[in-house]
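Accompanying notes for the structure given below.
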Amino acid sequence: MTRFYVTTPIYYVNDVPHIGHAYPTITADAVARWHRLLGDETMFLTGTDEHGLKIQRAAEENGVTPQEQADKTSQRFRDAWEQLDIANDQFIRTTEKRHHVAVQELLSRAKANGFIEKGSYAGHYCVACEAYYIDDDLIDGNNCPIHERPVDWLEEDNYFFKLSALESELTEWLNSDTVFPEGKRNEALGIVKLGLDDVSISRTSIDWGIPVPWDDGHVFYVWYDALINYATAVGFGNDEAEFGKWWEQSHHIIGKDILRFHCVYWPAMLIAAGLKPPKQVHVSGFLLLGGKKLSKTGLTQIAPADLVEDFGVDGFRYHFLRDVSFGPDSEFSYEGMVSRYNSDLANTLGNLLSRVATVVTKKCDGIGPKPNPDSPLRPIAEQSYRDAAVAWDQFQSPVALEAVWNLLRETNAYLERNEPWKMEAGSTEVATVLGDALEVLRLAAILASPALTRGSTAIWQTIGLSGSPEEQQLPAAAEWGQYPGGLAVAKNAPLFPRLKVEDAS
RNA sequence: GGCGACGUAGCUCAGUUGGUAAGAGUGCUCGACUCAUAAUCGAGAGGUCGUGGGUUCAAGUCCCACCGUCGCUACCA
């Protein structure tokens, strides 16, 4: 049996879930769903990153413990993902015991291998921020950029990770088909080529973190704790055999803002600990709003819940999977979302289902006929599956979905050419045409199910099939001609009612 | 400053290692149809592929410069 392991970034609980979090999460969910259709043993991980100064400080401000603070905000992410039909197999939290064990184990191994040593870090320190700043950040050369008051020159003992010793290993890893798309791999190579400094991985100034096992006064700096979650979740430090099996198939989905950490630091940490670097890292671009990065700060924040209210779960998921390609930045707009929903979901797919159901009702007494083995739609459907399979394998959801919609458009054209509504009721001609269309709907329900978690099941039931599209297994289920015929086809209300632009908020 | 990415039809985007007369969806125009969610189908208009050079028999695709946009250069995640 093939295994497949996919992860999203773990999200920092200092923030509320927004569409910038939703996009990589939906992509990972869809890719995981595709692999389940293929019958792969699949592990899909997401979670929250809960240590660090910001959480500690937020907790103090709210008069709660850091753990309570983390509990509350972590739950928001769980709720958000539930709303979006995210079917993750695990939800990891970096405050879990198993994670502490894994972090201490992994970094102890790196230390034993000579990649961690003590040093001291010195820098401009703002007491109010409890943080260091580099020269370029300072205002007028000596003032904290946030508090605008003088910083102190402070020195503290830290443990350093000897990143500089791993340049050749990293270059080799980056050159072996690991980071996608290629442009992002080049960026990572560029970072390595510029020369890597050793990085400080512990702090003595805060205590909301995972203790350094060999030195009581230190906790690990939040990044070096966070990255390890991907290993923790599949058994590292707990069940080595299990870990090994999953880790061979690890795929990380990240945003380009954290490329440095996932394509340089993280593989280096794994190598230092004597482990394999990740199998693949897929780097997405940013969502842009009017050409500007959709960041966690400012007015650009858009709550997934608001969009789900307008577009439904399917409309929300479909938009991101269809319109946001993996790699370059993408423009997000409400109008674009409406347009995509109407053209693809309401018109091409939803309307096809409606017209087929109506004609079956009128011409076949509501009983769906069998498809024609030699249908002209057959080769198109087969190509559609092949294209989708390749695209999903490359995490290219827009290409995969376009392949399915091409089949749907061809089917609308096929109906137009044959005009079954003009044919004699009960004739073999009308049965053939409608059987083919029903077969396409069966296929589309399966192939679109990673995106349309609800609509695909609705189609399945409307055309009289039992069970659900998610239970089907590819590639066998994609073979033409499996719609059995003789099933009652329901004439329901429109599956995806058209949206009017005036609905825009 | 250094490094990098991007700039292709009104809009959102595809365009493998340079090679049939530049593509899709959407929008627009015209026509058809009226089974269907003012849906569908067909036809058409629409691009000097940011600008200027260069390499080549041949460049959107390689090289250089410039313009524009953005990102990284964080011990914030």
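No hydrogens, no waters, no symmetry mates; every other heavy atom, side chains included, goes into these values. Per chain, numbering begins at 1; letters A, B, ... match sequence-line order.
Checked against ring-ring contact (aromatic ring centres under 6.0 Å, His included), His319(A) has the following partners two or more places apart in sequence or in another chain: Phe332(A). For the salt bridge (Lys or Arg N to Asp or Glu O under 4.0 Å) test, residues two or more places apart in sequence or in another chain that qualify with Glu117(A) are Lys162(A). Partners of Tyr341(A) by ring-ring contact (aromatic ring centres under 6.0 Å, His included), not counting sequence neighbours: none found. Residues meeting the salt bridge (Lys or Arg N to Asp or Glu O under 4.0 Å) test with Asp215(A), sequence neighbours left out: Lys118(A). Under the ring-ring contact (aromatic ring centres under 6.0 Å, His included) criterion, Trp173(A) pairs with no residue, sequence neighbours left out.
If you take OH of Tyr224(A) and C1' of rA74(B), they are 10 Å apart, rounded to a whole angstrom.
Stem analysis of RNA chain B (at least three stacked-register Watson-Crick or G-U pairs, each with both distances under 3.5 Å) gives B:1-7 with B:67-73, B:10-13 with B:23-26, B:28-32 with B:40-44, B:50-54 with B:62-66.
Using a 4.0 Å heavy-atom criterion, one finds that Asp49(A) contacts the sugar-phosphate atoms exclusively. At the heavy-atom level, Phe261(A) lies under 4.0 Å from base atoms of the strands shown. Residue-level contact check: Trp405(A) touches neither bases nor backbone, having no heavy atom under 4.0 Å from any strand. Counting any heavy atom pair closer than 4.0 Å across all strands shown, Ile191(A) reaches no nucleic acid atom.
Between the side chain of Asn351(A) and the base of rA36(B), a donor-acceptor pair under 3.5 Å is found.
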Could you tabulate the donor-acceptor pairs under 3.5 Å formed by side-chain atoms of residues 259-268 of chain A, not counting sequence neighbours?
| unit_1 | atom_1 | unit_2 | atom_2 | d |
| --- | --- | --- | --- | --- |
| His262(A) | ND1 | Ile258(A) | O | 3.1 |
| His262(A) | NE2 | Tyr230(A) | OH | 2.7 |
| Trp266(A) | NE1 | His252(A) | NE2 | 3.1 |

Please output the side-chain donor-acceptor pairs of residues 405-416 of chain A that fall under 3.5 Å, not counting sequence neighbours, one pair per line with the distance.
| unit_1 | atom_1 | unit_2 | atom_2 | d |
| --- | --- | --- | --- | --- |
| Trp405(A) | NE1 | Asp344(A) | O | 2.9 |
| Arg409(A) | NH1 | Glu402(A) | OE2 | 3.3 |
| Arg409(A) | NH2 | Glu402(A) | OE1 | 3.0 |
| Arg409(A) | NH2 | Glu402(A) | OE2 | 3.1 |
| Thr411(A) | OG1 | Leu407(A) | O | 2.7 |
| Asn412(A) | OD1 | Arg355(A) | NH1 | 2.8 |
| Asn412(A) | ND2 | Thr348(A) | O | 3.4 |
| Tyr414(A) | OH | Asp436(A) | OD2 | 2.7 |
| Glu416(A) | OE1 | Arg355(A) | NH2 | 3.0 |

Residues 386-398 of chain A side chain polar contacts: donor-acceptor under 3.5 Å, at least two apart:
| unit_1 | atom_1 | unit_2 | atom_2 | d |
| --- | --- | --- | --- | --- |
| Arg386(A) | NH2 | Gln383(A) | OE1 | 2.7 |
| Asp387(A) | OD1 | Gln383(A) | NE2 | 2.8 |
| Ser397(A) | OG | Leu321(A) | O | 2.7 |

Once each nucleotide of nucleotides 24-32 of chain B is scored for protein heavy atoms under 4.0 Å, what B/S/- sequence comes out, 5' to 3'? SSS------

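Ring pair Tyr11(A)/Phe77(A): centre-to-centre distance below 6.0 Å. Taking the ring centroids of Tyr159(A) and Phe115(A), they lie at or beyond the 6.0 Å cut-off.
RNA chain B lies under 4.0 Å from at least one heavy atom of each of the following residues of residues 354-365 of chain A: Ser354(A), Arg355(A), Thr358(A), Val359(A), Lys362(A). Against RNA chain B, the stretch residues 421-441 of chain A makes heavy-atom approaches under 4.0 Å through Trp421(A), Lys422(A).
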